[in-house]
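Written out below as structure tokens is the structure these notes cover.
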Amino acid sequence: MQAKKVSFHTLGCKLNFSETSTIAKEFQENGFTTVPYGEKSDVVVLNTCTVTATADKKCRSAVKKALRISPDAFVAVTGCYAQLQAKQIAQIPGVDAVLGANDKFNIFQHFKSFKKQAEVSLYSCDIDEVSQFNSAHSSLGRTRSFLKVQDGCNYPCTYCTIPNARGKSRSGTIEQTIGEAKKIVKEGHKEIILTGVNIGDFGRQNGETFFQMLQALEQIKGAERIRISSIEPNLLK
């Protein structure tokens, strides 16, 4: 029996790319073959962004493109825009599932057959209920990998939707982060780029610090370069 095919399309930041890659690994572990977005597939997963004013337009365009090529594909939409505008996305013709911040990594808990549905399955919750940190890293066949070390933000800036889309600041422990980094090295990546919403906030709920995490990462054999993405200097205390 031929393996089912899945394609992914990511809108937005490097954090989204790391999460898409982790979702892709789950599909691969469940027997799916990953094909490039734009090729015929049985399942299409769209990981959305909400930072720009064109989020709705880009999401609709991506759904239309996917269904133009694969009219019978199961279309799942997740990411920041899916958390903020779940009901709006559910009204887009051809969408089968919308998964908010708490469910983007739980797609196989909700679906088994991935068949087109008469009604949209909507999995979303109030952002205040989102408290779990899900580690992730990108595996794009390159020498570098984006490692998610932190998620969410505690700064309610009036112009920013991120706290409402990703929830409060949270991260894993240093031990968990090192474990994920070792997976990256084992996959053959030489450079690790630390990413998150506010990476300087790493470890605060665990009594750990971003600097301590960097010191631990430096000890990993095979990690030739550790790169820090944008960071708020005031958090490095």
Side-chain angles (χ1 to χ4, degrees), residues 5-30 32 34-39 41-67 69-70 73-90 92 94-111 114 120-125 127 130 132-142 145-153 161-162 164-167 180 193 195-197 229:
K5 297 178 180 180
V6 59
S7 62
F8 300 87
H9 185 53
T10 305
L11 300 169
C13 63
K14 301 305 182 184
L15 179 55
N16 270 10
F17 277 96
S18 70
E19 292 180 336
T20 297
S21 187
T22 295
I23 296 171
K25 291 186 185 77
E26 187 175 13
F27 272 90
Q28 292 165 3
E29 291 168 358
N30 281 274
F32 281 77
T34 301
V35 298
Y37 172 70
E39 290 190 10
S41 58
D42 301 290
V43 180
V44 179
V45 179
L46 306 175
N47 195 358
T48 61
C49 175
T50 188
V51 171
T52 67
T54 58
D56 175 59
K57 182 179 179 180
K58 288 184 177 181
C59 182
R60 288 179 180 273
S61 177
V63 172
K64 287 181 179 179
K65 178 179 178 179
L67 292 175
I69 298 166
S70 306
F74 180 98
V75 178
V77 181
T78 188
C80 293
Y81 187 56
Q83 174 64 34
L84 289 177
Q85 300 293 345
K87 292 182 179 179
Q88 187 172 323
I89 294 173
I92 300 175
V95 171
D96 296 286
V98 183
L99 301 105
N102 230 15
D103 288 280
K104 68 177 72 174
F105 296 105
N106 298 331
I107 192 167
F108 278 89
Q109 293 181 22
H110 299 306
F111 304 101
F114 292 96
V120 180
S121 295
L122 197 158
Y123 295 96
S124 185
C125 66
I127 196 62
V130 179
Q132 182 177 344
F133 176 79
N134 296 97
S135 58
H137 71 269
S138 63
S139 300
L140 302 176
R142 302 175 180 176
S145 174
F146 294 97
L147 171 60
K148 174 184 173 183
V149 299
Q150 184 272 342
D151 201 351
C153 184
T161 60
I162 294 300
N164 292 326
R166 285 189 169 271
E180 198 75 11
I193 303 174
T195 186
V197 175
S229 57

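The structure displayed is predicted, hence computed values, not measured ones. These numbers come from the heavy atoms of this one structure, side chains and all, not from hydrogens, waters or symmetry mates. In what follows, residues are counted from 1 in the order of the sequence shown.
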Going through the checks in order, is the side chain to side chain contact (heavy atoms under 4.5 Å, CB included) test met by Thr161 and Leu84?
CA-CA 9 Å; Thr161 60; Leu84 289 177; 3.8 Å; yes

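- With Tyr37 contributing its side chain and Val44 its backbone, the two residues share no donor-acceptor pair below 3.5 Å.
- The CG atom of Leu122 lies 12.5 Å from the CG atom of Asp96; values are rounded to the nearest 0.5 Å.
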Under the side-chain hydrogen bond (donor to acceptor under 3.5 Å, both in side chains) rule, what do Ser139 and Lys25 come out as? Steps first, then yes or no, please.
CA-CA 9 Å; Ser139 300; Lys25 291 186 185 77; 3.2 Å; yes

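- Taking the ring axis of Tyr123 as reference, the NZ or CZ atom of Lys104 does not stay both within 45° of it and closer than 6.0 Å to the ring centre.
- Between the side chain of Thr78 and the backbone N or O of Leu99 there is at least one donor-acceptor pair closer than 3.5 Å.
- Listed for the Ser21 side chain is no donor-acceptor partner under 3.5 Å among the backbone atoms of Ser18.
- Between the side chain of Ser138 and the main chain of Phe146, a donor-acceptor pair closer than 3.5 Å is present.
- Nearest heavy atom pair, residue Leu15 against residue Gln150, reads CD1-O, 4.3 Å.
- In this structure, Asn16 contributes its side chain and Leu11 its backbone to a donor-acceptor pair below 3.5 Å.
- Counting only heavy atoms from C-beta outward, the side chains of Leu147 and Glu180 approach each other to under 4.5 Å.
- In this structure, a donor-acceptor pair under 3.5 Å is present between the side chains of Thr10 and Thr20.
- The shortest distance between side-chain heavy atoms of Glu19 and Phe105 falls below 4.5 Å.
- Atom NZ of Lys64 has 12 or fewer neighbouring heavy atoms from other residues, nucleotides or ligands inside a 6.0 Å radius.
- Side-chain atoms of Val77 and Cys59, non-hydrogen and from C-beta on, do get closer than 4.5 Å to each other.
- Between Ser145 and Ile193, every side-chain heavy-atom pair lies at or beyond the 4.5 Å cut-off.
- Rounding to the nearest 0.5 angstrom, the gap separating the NE2 atom in His9 from the OG atom in Ser61 is 7.5 Å.
- Remark: Thr50 OG1 to Gln83 CD distance equals 10.5 Å, nearest 0.5 Å.
- The closest side-chain donor-acceptor pair between Thr34 and Gln28 falls under 3.5 angstrom.
- A salt bridge links Arg166 to Asp151: at least one charged side-chain nitrogen sits closer than 4.0 Å to a carboxylate oxygen.
- Between the Ser70 side chain and the Ser41 main chain, a donor and an acceptor come within less than 3.5 Å of each other.
- Evaluation of the ring-ring contact (aromatic ring centres under 6.0 Å, His included) rule for Phe8 yields Phe27 as partners, not counting sequence neighbours.
- Taking the side chain to side chain contact (heavy atoms under 4.5 Å, CB included) definition, one finds that Gln109 meets it with Asn106, sequence neighbours left out.
- Using a 4.5 Å cut-off on side-chain heavy atoms (C-beta onward), Phe32 and Lys5 make no contact.
- In the model, His110 has a side-chain atom that pairs as donor or acceptor with a side-chain atom of Asp103 under 3.5 Å.
- For the pairing with Tyr81, the side-chain hydrogen bond (donor to acceptor under 3.5 Å, both in side chains) check across Asp56, Asn47, Thr48 returns one residue only, Asp56.
- In this structure, the side chains of Thr22 and Glu26 stay at 4.5 Å or more apart for every pair of heavy atoms.
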